[in-house]
Number of protein chains: 2
Amino acid sequence: MNIRLDAIDRNILAELQADASTSLDEIARRVGASKTPVWNRIRKMREAGIIKGQTTLLDPEALGLEACFFVLIRTSEHDAGWLDRFLNAVKSRAEVMEAHRLAGDIDYILKVRVASARAYDDFYRALISEVSIYNVTSTLSMEEIKNTTALPILEAE
Amino acid sequence: MNIRLDAIDRNILAELQADASTSLDEIARRVGASKTPVWNRIRKMREAGIIKGQTTLLDPEALGLEACFFVLIRTSEHDAGWLDRFLNAVKSRAEVMEAHRLAGDIDYILKVRVASARAYDDFYRALISEVSIYNVTSTLSMEEIKNTTALPILEAE
DNA sequence: TATGAAAACAAGGGCTC
DNA sequence: GAGCCCTTGTTTTCATA
């Protein structure tokens with residue numbers, strides 16, 4: 001699983017993150033190598049799990065997803081049954097784009113995309129009816145300043 | 001820019017989100033249409049801005065990005081100069097994956113991916129030296145429960 | 001006449017030497 | 001690093017409702 005990445009590998013990854021539809025020839029030209037080695041590097045990084053897959057990015061607003069909420073959750077319950085129900089609810093709902101367990105006084109944070117404030121309220125009611133939650137703060141995003149899928153590529157590991 | 005999406009369009013988008021490398025033939029088979037109409041629909045949705053592009057998803061840990069922080073920011077300053085510096089700092093730093101302006105008592109939230117707590121501290125110091133911030137809460141993610149780029153495809157708009 | 005099936009073409013990925 | 005093959009994206013043509 002662990003392979004060391006050199007400067008060329010990192011450049012290839014940066015190109016693939018920027019646009020997955022860039023042709024092998026073009027990537028090879030940009031990183032200063034030729035087709036075969038570039039393709040072999042990509043294959044190795046895919047096998048090593050560094051490259052997880054390709055996806056198509058869509059515009060949320062064009063799909064009618066006008067609202068994005070961040071949900072800060074504090075809970076008093078930490079038993080296995082509660083956790084199972086919570087994880088299941090979070091993973092099964094497509095509105096939940098992201099969910100993290102946090103260190104500190106907030107236990108969980110969710111990022112939820114929905115059509116409207118009304119749709120968020122439906123989601124919220126469904127969630128708290130499935131799992132009891134001590135304290136929830138729902139915060140509407142007024143403006144998406146930045147949202148990138150491109151991970152920073154570190155200079156050296 | 002605005003086009004109405006029917007059930008087939010939405011199925012196509014769902015397939016493309018799940019895996020952008022799926023071939024046209026395969027998508028056509030799955031949505032119950034043939035190649036030409038599927039291709040025309042994809043082209044239209046690209047022109048309409050619904051499809052924004054393709055990207056490659058990488059594994060953060062394999063890239064040495066072991067730490068993910070959520071940064072809750074309250075600020076006392078809201079003048080144009082401050083805002084410019086803040087937006088510029090956020091947009092130019094590759095560690096910042098996501099930034100939103102919020103409604104409510106937290107003004108901004110950032111999601112930041114870095115190699116370590118130490119690297120986060122470097123980022124944090126650089127940020128507050130560029131822009132003065134009234135109150136910052138930095139929270140480490142202990143576990144990424146869910147993280148998807150696939151937007152929910154609503155049944156009807 | 002508009003839509004989809006199907007064939008033709010071209011480009012690019014995957015593989016070998 | 002050069003080159004081949006074959007899949008697949010892209011375009012055009014043809015048929016059909």
Side-chain angles (χ1 to χ4, degrees), chain A residues 1-60 62-64 148-151 153 156, chain B residues 1-60 62-63 148-151 153-157:
Chain A
M1 172 90 184
N2 270 332
I3 57 173
R4 278 201 78 70
L5 302 176
D6 64 12
I8 293 177
D9 289 321
R10 288 193 289 269
N11 285 337
I12 292 171
L13 291 176
E15 292 293 337
L16 289 175
Q17 282 197 126
D19 184 359
S21 64
T22 313
S23 76
L24 268 182
D25 281 323
E26 180 61 21
I27 293 170
R29 200 186 58 76
R30 289 189 200 165
V31 304
S34 79
K35 212 175 149 185
T36 313
V38 169
W39 188 79
N40 282 323
R41 284 161 183 268
I42 291 174
R43 191 174 47 77
K44 271 184 197 139
M45 291 193 283
R46 211 173 320 170
E47 285 164 6
I50 295 171
I51 294 175
K52 293 201 290 184
Q54 283 181 49
T55 190
T56 304
L57 299 177
L58 308 180
D59 180 18
L63 289 169
T148 181
T149 57
L151 297 168
I153 310 281
Chain B
M1 171 88 185
N2 270 334
I3 57 172
R4 277 202 77 71
L5 301 176
D6 65 12
I8 293 177
D9 288 321
R10 288 194 289 270
N11 285 337
I12 293 170
L13 291 176
E15 292 291 338
L16 288 175
Q17 282 197 126
D19 183 0
S21 64
T22 312
S23 76
L24 266 183
D25 280 324
E26 180 61 21
I27 293 171
R29 200 186 59 75
R30 289 188 199 165
V31 303
S34 80
K35 220 173 152 182
T36 315
V38 170
W39 190 80
N40 282 324
R41 283 161 183 269
I42 291 174
R43 190 174 48 76
K44 270 182 197 142
M45 292 192 283
R46 215 172 332 187
E47 284 165 6
I50 295 170
I51 294 175
K52 293 200 290 183
Q54 285 180 49
T55 188
T56 304
L57 299 176
L58 307 180
D59 180 19
L63 289 169
T148 181
T149 57
L151 298 168
I153 310 281
L154 301 175
E155 284 310 303
E157 284 196 25

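All of these numbers come straight from a predicted model, not from anything done at the bench. Order of the sequence lines sets the chain letters (A, B, ...), proteins ahead of strands, with each chain counted from 1.
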query: Base, sugar-phosphate, or nothing for L24(A), non-hydrogen atoms under 4.0 angstrom?
result: sugar-phosphate

- prompt: Shortest non-hydrogen contact from L58(A) to K52(B)?
  reply: O-CE, 3.5 Å

- request: Decide, yes or no, whether a salt bridge links K44(B) with E47(B) under the criterion of side-chain N to carboxylate O below 4.0 Å.
  value: no

task: In whole angstrom, give the distance that lies between atom CG of N40(A) and atom P of dC15(C).
output: 10 Å

query: Roughly how many Å is it from CG in L16(B) to C1' in dG9(D), rounded to a whole number?
result: 13 Å

field: Length of the CD1-P vector between I51(B) and dG9(D), whole Å
entry: 13 Å

task: Using only side-chain N and O atoms of W39(A), determine if any of them is under 4.0 Å from OP1 or OP2 of dG13(C).
output: no

Gap between atoms CZ and C1', on R46(A) and dG14(C) respectively (whole Å): 10 Å

message: In this structure, how many angstroms lie between the C1' atom of dA2(D) and the CZ atom of R29(A), rounded?
response: 19 Å

- prompt: Any donor-acceptor pair under 3.5 Å between the side chain of T36(A) and the base of dA2(D)?
  reply: yes

statement: Separation of dG9(D) atom P from D25(A) atom CG, nearest Å, is 17 Å

message: In this structure, how many angstroms lie between the C1' atom of dG9(D) and the CD1 atom of I12(B), rounded?
response: 15 Å

task: Let me know which of V31(B), L24(B), T22(B) forms a side-chain contact (heavy atoms from CB on, under 4.5 Å) with I12(B).
output: V31(B)

- line: Separation of dT8(D) atom P from I42(B) atom CD1, nearest Å, is 14 Å

message: Suppose we call a contact any N or O donor and acceptor under 3.5 Å apart; does that hold for the side chain of K35(A) and the base of dG1(D)?
response: no

- request: Identify the two heavy atoms, one from L5(A) and one from M45(A), that lie closest to each other, and give their separation to 0.1 Å.
  value: CD2-SD, 3.7 Å

